[in-house]
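What follows is a set of notes on a single structure, which appears directly below.
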Amino acid sequence: MTGGVSGRRIHVIGIGAGSPEFITQQAVAAMNEVDVFLVADKGDTTSDMVALRRSICERFIAHDHAYRFLTVTDPERGPDAGRDGRQYTDAVADWHARRTDIYAKTIAALREDAVIGFLVWGDPAFYDSTIRIVDAVAERLPVEVRVTPGISAFQALAAAHGIVLHAIGEPVHMTTGRRLLDDWAPGCGTFVVMLDGQLACRSLIGRAPGLWIHWGAYLGLPQQELRSGRLVDVIDEIVSLRAELRSKYGWIMDVYALTGT
């Protein structure tokens, strides 16, 4: 994880699933050490997420601590929906490589004792590429890396719905919409599903009509939306609502849990 013990430092900081109230004291301490926050510019559709990161810094960083935001253009990744497993993996690997090039060049241009911060939505350990990118940068530059955890989307989902994700003694599986139909099987416990823009769970209705879904979008934010019920009863509403919300805000972060058989 660490490419060096002196010179530049990188803090990868989990900032929770959306609400500033999710920021931990450890994250606040880390943010107050950062000189430059690197933020990926993905166009107008993610401007709200950049603005939220700025507001979090304004709220939690001491007024006498100087820092700045440095926007880095994110390389094009292309559509994933039509790619098979190998094509998807190759496309992500290429995207990571191009991201690494950009971040390595950007960090190398900063002063040698700079502290660089990445504010990661949710927790950096779950379905986020920042740690992998930073590790790759650390193979090129002498940097010290530190990771601060954050409240993940599935923790926020469980709290918002007031549920325990697992039955007594049973497992919880985390997966993506791309893998759900292959991974799911009766009796395997709860499935928490991320990155599912197509709501693949709809295809499970015929296999498991008794499945329940707990779904949430923009968890912790003022526009938070929650839905729950038998999958067969509520999926049409969720599909429609998700499309409406994405159109309204230009982006959406959602997650859901499937329980039952």
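Values below: all heavy atoms of this structure, side chains included; hydrogens, waters and symmetry mates excluded.
- Clustering ILVMFWY residues whenever any of their side-chain heavy atoms sit less than 4.5 angstrom apart, transitively, puts Val34 in the very cluster that holds Leu52.
- Here the CZ-OG distance, from Phe60 to Ser55, works out to 9.0 Å after rounding to the nearest 0.5 Å.
- Two different hydrophobic clusters hold Leu221 and Leu226 under the rule that ILVMFWY side chains link at heavy-atom gaps under 4.5 Å.
- Between Leu211 and Ile205 there is no side-chain heavy-atom pair separated by less than 4.5 Å.
- Using a 4.5 Å cut-off on side-chain heavy atoms (C-beta onward), Leu119 and Met31 make contact.
- To the nearest 0.5 Å, atom CZ of residue Phe154 and atom CE of residue Met194 are 5.5 Å apart.
- Connection of Val28 to Ile151 is not established within any shared hydrophobic cluster, with ILVMFWY side chains joined at heavy-atom distances below 4.5 Å, either directly or through further cluster members.
- Side-chain contact between Val232 and Pro209 is absent, with no heavy atoms from C-beta onward closer than 4.5 Å.
- Hydrophobic clustering of Ile, Leu, Val, Met, Phe, Trp and Tyr side chains at less than 4.5 Å, counting indirect connections, keeps Leu195 apart from Phe191.
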Step by step, would you call Glu237 with Ser240 a side chain to side chain donor-acceptor pair (under 3.5 Å)?
CA-CA 5 Å; Glu237 179 187 2; Ser240 176; over 6 Å; no

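- Ring geometry for His214 against His161 counts as perpendicular: the plane angle is over 60°, on a 0 to 90° scale with 30° as the lower cut.
- Taking a cutoff of 4.0 Å between a charged side-chain nitrogen and a carboxylate oxygen, Asp35 and Arg111 qualify as a salt bridge.
- Once rounded to the nearest 0.5 Å, the distance linking CD1 of Ile238 with CD of Glu225 reads 11.0 Å.
- With sequence neighbours excluded, the residues forming a side chain to side chain contact (heavy atoms under 4.5 Å, CB included) with Met253 are Met49, Trp121, Trp251, listed by chain and number.
- Between Glu144 and Arg8 there is no salt bridge, since no side-chain N of the basic residue sits under 4.0 Å from a carboxylate O of the acidic one.
- A chain of hydrophobic side-chain contacts below 4.5 Å, direct or via other Ile, Leu, Val, Met, Phe, Trp or Tyr residues, connects Tyr218 to Val193.
- Annotation: salt bridge (Lys or Arg N to Asp or Glu O under 4.0 Å) contacts involving residues 240-255, sequence neighbours excluded, comprise Arg242-Asp254.
- By the 4.0 Å N-to-carboxylate-O rule, Asp236 lies close enough to Arg202 to be salt-bridged with it.
- Atom CG of residue Leu180 and atom CD of residue Gln198 lie 13.0 Å apart, to the nearest 0.5 angstrom.
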Could you go through the side-chain contact (heavy atoms from CB on, under 4.5 Å) check for Leu38 and Ile116 one step at a time?
CA-CA 7 Å; Leu38 296 187; Ile116 300 101; 3.7 Å; yes

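- The pair Arg53-Glu58 does not count as a salt bridge, with every side-chain nitrogen at least 4.0 angstrom from each carboxylate oxygen.
- Between Arg98 and Asp94, at least one side-chain N (NZ, or NE/NH1/NH2) sits under 4.0 Å from a carboxylate O, which counts as a salt bridge.
- Distance check: Ile235 CD1 to Cys201 SG gives 4.0 Å after rounding to the nearest 0.5 Å.
- Remark: Arg132 CZ is loosely packed, at most 12 non-hydrogen atoms of other residues, nucleotides or ligands lying under 6.0 Å away.
- Under the side chain to side chain contact (heavy atoms under 4.5 Å, CB included) criterion, Thr130 pairs with Val12, Phe118, Val120, Asp128, Val134, sequence neighbours left out.
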